[in-house]
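Quick notes on the structure that follows.
As the structure is a prediction and not an experimental result, all values here were calculated from the model.
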Amino acid sequence: MKIDSLHIYPLKSAKGIAVQTTEVKSIGFKYDRYFAILNSKKEVLTAREFPTLLKIKTQIKEDNLVLEYGENRKSIPLNDFLNPIEVAIFKEPASGKEAPVSINNWLSSILEIDCSLIKINTDNLRQTIHNAIAFCDAHPIHLITQESVNALNKKLATAIEIDRFRANIVISGLKPFEEHTIAKITIGQCEFVSVLKTERCTLITIDPKTGEKDKKQEPLRTLAKEFRTDKKVEMGIYLIPTKLGKIHVSDSITVEMKMKE
């Protein structure tokens, strides 16, 4: 069993970054889903409604958030996010800090709506029943196995890349969908507990390279038909860190499986 890759997604729903090492904080990987784009109603946007977001490249470079779209690039100092603002994410309350107006005008031209950029407000983080989180959907860290994607691809007319699933941790060395039975996982010096299987939605039907939705709703349709569990369409698991530190692609992995009922 080994780590295939580690990923962070600084801007929610934008292109991710493969990293060799990352710091694990209580709210997840450092910088992961720390930023989001709002509409005029102060609601967080996702690629489900605005697939163009998937084509915005992100970097964290010298204490700056760097965004790139086409031939254009913008750099925003992390300490330029100042004014607190109350927002909504999936109709739930959240808090952020506003970016300079100049970047908002640029993003509005890309998405063709009035929108604005925010950063998480670390003084007022969203709370779940387990812990605080950034702008992720539900829980801090998402893990998936290469074997699960391989099993799905065998059922598809056209194979897909694993980046459709926007995982933070990709591992290999288990049976397909065996990650669903993980109770605890240790990676290097860090420890995590599994809290929930990842329920899939229409986001996986969007090609992250083109931003186009699959007309046949693949791979969601095949996943629902061939691998449905407990009347839900699930693939991958959510993790919560219980021992913090740094992890590396080269780190060893040990897992503790759930007791069979």
Within the supplied structure, the quantity of interest is the number of heavy atoms (other residues, nucleotides, ligands) at a distance under 6.0 Å from K232 NZ; does it exceed 12?
no
Side-chain heavy-atom pair L117, F81 within 4.5 angstrom cut-off:
yes
According to side-chain contact (heavy atoms from CB on, under 4.5 Å), who are the partners of S95, at least two apart in sequence or on a separate chain?
E86, N121, N124
Side chain of D163, backbone of P208: donor and acceptor closer than 3.5 Å?
no
Test side-chain hydrogen bond (donor to acceptor under 3.5 Å, both in side chains) on E179 and S148; report intermediate values, then the result.
CA-CA 9 Å; E179 67 265 35; S148 295; 2.9 Å; yes
Indicate the atoms forming the closest heavy-atom contact of Y238 with K197, along with that distance.
CD1-O, 4.2 Å
Count the heavy atoms of every other residue, nucleotide or ligand shown that sit under 6.0 Å from NZ of K97, and state whether that count exceeds 12.
yes
For E112, does the CD atom have more than 12 heavy-atom neighbours from other residues, nucleotides or ligands under 6.0 Å away?
no
Should the heavy atoms of other residues, nucleotides or ligands under 6.0 Å from CZ of R228 be counted, would the total exceed 12?
yes
ring-ring contact (aromatic ring centres under 6.0 Å, His included) involving F177 - partner list, sequence neighbours excluded:
H180, F227
Return yes when atom CG of D114 has more than 12 non-hydrogen atoms of other residues, nucleotides or ligands closer than 6.0 Å, and no otherwise.
no
Q146 (side chain) donor-acceptor with N150 (main chain) under 3.5 angstrom:
no
Residue pair Y34 / K25: nearest heavy atoms and the distance that separates them:
OH-CD, 3.6 Å
I need the single residue from N39, L45, I37 that forms a side chain to side chain contact (heavy atoms under 4.5 Å, CB included) with F50. Which is it?
L45
Does any donor atom in the side chain of E218 or T222 lie under 3.5 Å from an acceptor atom in the other side chain?
yes
Looking at E161, I'd like to know if its CD atom is crowded, meaning that more than 12 non-hydrogen atoms belonging to other residues, nucleotides or ligands lie closer than 6.0 Å.
no
Are L239 and L125 connected in the hydrophobic side-chain network, where two residues link if heavy atoms are under 4.5 Å apart?
yes
Polar side-chain atom of S108 near backbone of C115 as donor-acceptor pair, under 3.5 Å
yes
So, D137 and K12, do they make that salt bridge, N to O below 4.0 Å?
yes
D214/R164 salt bridge by N-O under 4.0 Å criterion
no
Do side-chain atoms of S13 reach the backbone of A47 as a donor and acceptor pair under 3.5 angstrom?
yes
If you take all heavy atoms of F35 and F135, which pair is closest and at what distance?
C-CD1, 3.8 Å
Can you tell whether the side chains of K30 and D32 come within less than 4.0 Å, N to carboxylate O?
no
